[in-house]
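First up is the structure itself, then whatever we jot down about it.
The model shown is predicted, which means the values in this text are computed figures rather than measured ones. Sequence positions, counted from 1, serve as the residue numbers for this chain.
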Amino acid sequence: MAHSLNKPGAWQDEPWEGDVVAKVGGKIFVFLGSGETPSIGVKCGRDRDDADEWLQRYPDDARVMPYIGRSGWNTLTVGGAIPDDEILEAIDTSYDHVVSKLPKRERPHH
C-alpha cells in the first residue's frame, strides 16, 4: 500500500512481528494487514457511530477492529466490494484523524 507511505511524514514500522503499519509522528494511521486476505485497518470515524457507516455499506468487507474498534477503527478488505478509490480515501481520512491529534511539533509540514 504505497499510498500510505506517500503521505507527508509517513513511515513504515513493524511494532509486532509480521504486523506492518504506517505511522505519522509516533502514531499508527494504517495497519497494513498480514492475513491471507489483503486488508487494512484504518480509523474510519471520530467514534464507533461514525465508523459503523462502513459496516452498513459493506457488511461483507468491513469489520470492527479488535481492541481499538470502539475508537472508530475498522478492518477493510481490499479487492472486495469496496472500490479502490474508497480504500484510498479511507487511508486519507485515517491519516487526517491521526495527524489532527498529534502535538504540533510532531505534525508533518505540508
Original post:
Side chains of Ser94 and Trp73: does their closest heavy-atom pair fall under 4.5 Å?
Top reply: yes
Checklist entry - Hey, is the main chain of Ser71 close enough, under 3.5 Å, to the side chain of Lys43 for a donor-acceptor pair? => result yes
NE2 of His3 to CG of Leu88, rounded to nearest 0.5 Å, is 4.5 Å
- Item | Validation row: Leu102, Val24 side chains within 4.5 angstrom (heavy atoms) | yes
Counting only N and O atoms by type, is there a donor-acceptor contact under 3.5 Å from the side chain of Ser39 to the main-chain atoms of Gly33?
no
Query raised in the report: Parallel, tilted or perpendicular: which fits the ring planes of Phe31 and Trp16, with parallel below 30° and perpendicular above 60°?
Result: parallel
Heavy atoms of Ala51 and Cys44 approach each other most closely as CB-CB, 4.0 Å
Correct closest heavy-atom pair for Leu55 and Ala62 would be CG-O, 3.8 Å
(Q) Between Thr93 (side chain only) and Glu89 (backbone N and O only), is there a donor and an acceptor less than 3.5 Å apart? (A) yes
Answer yes or no: is there an ion pair linking Arg70 with Asp47, defined by an N-O contact shorter than 4.0 Å? no
Closest non-hydrogen contact found for Ala81 with Tyr58 is O-CE2, 3.6 Å
In terms of heavy-atom contacts, Arg107 and Val99 come closest through NE-O, 3.3 Å
Of all heavy-atom pairs linking Glu106 and Gly25, the shortest is OE1-CA, 3.8 Å
### Task
Measure the shortest side-chain to side-chain distance between Leu32 and Val21 over non-hydrogen atoms and say whether it is less than 4.5 angstrom.
no
- Around atom NZ of Lys27, are there more than 12 heavy atoms of other residues, nucleotides or ligands at under 6.0 Å? no
Nearest heavy-atom approach of Pro15 to Ile28 is CG-CD1, 4.4 Å
Side-chain heavy atoms of Arg48 within contact of Asn74, under 4.5 Å: yes
**Prompt:** Does the side chain of Leu76 come within less than 4.5 Å of Glu86's, by heavy atoms?
**Reply:** no
(message) One pair to check against side-chain contact (heavy atoms from CB on, under 4.5 Å): Thr75 and Ile40. What are the steps and the verdict?
(response) CA-CA 6 Å; Thr75 300; Ile40 57 165; over 6 Å; no
Flag the pair Arg57 / Ile82 as yes when at least one side-chain heavy-atom distance between them is below 4.5 Å, and no otherwise. no
* Does His97 reach the side chain of Phe29, with side-chain heavy atoms less than 4.5 Å apart? -> no
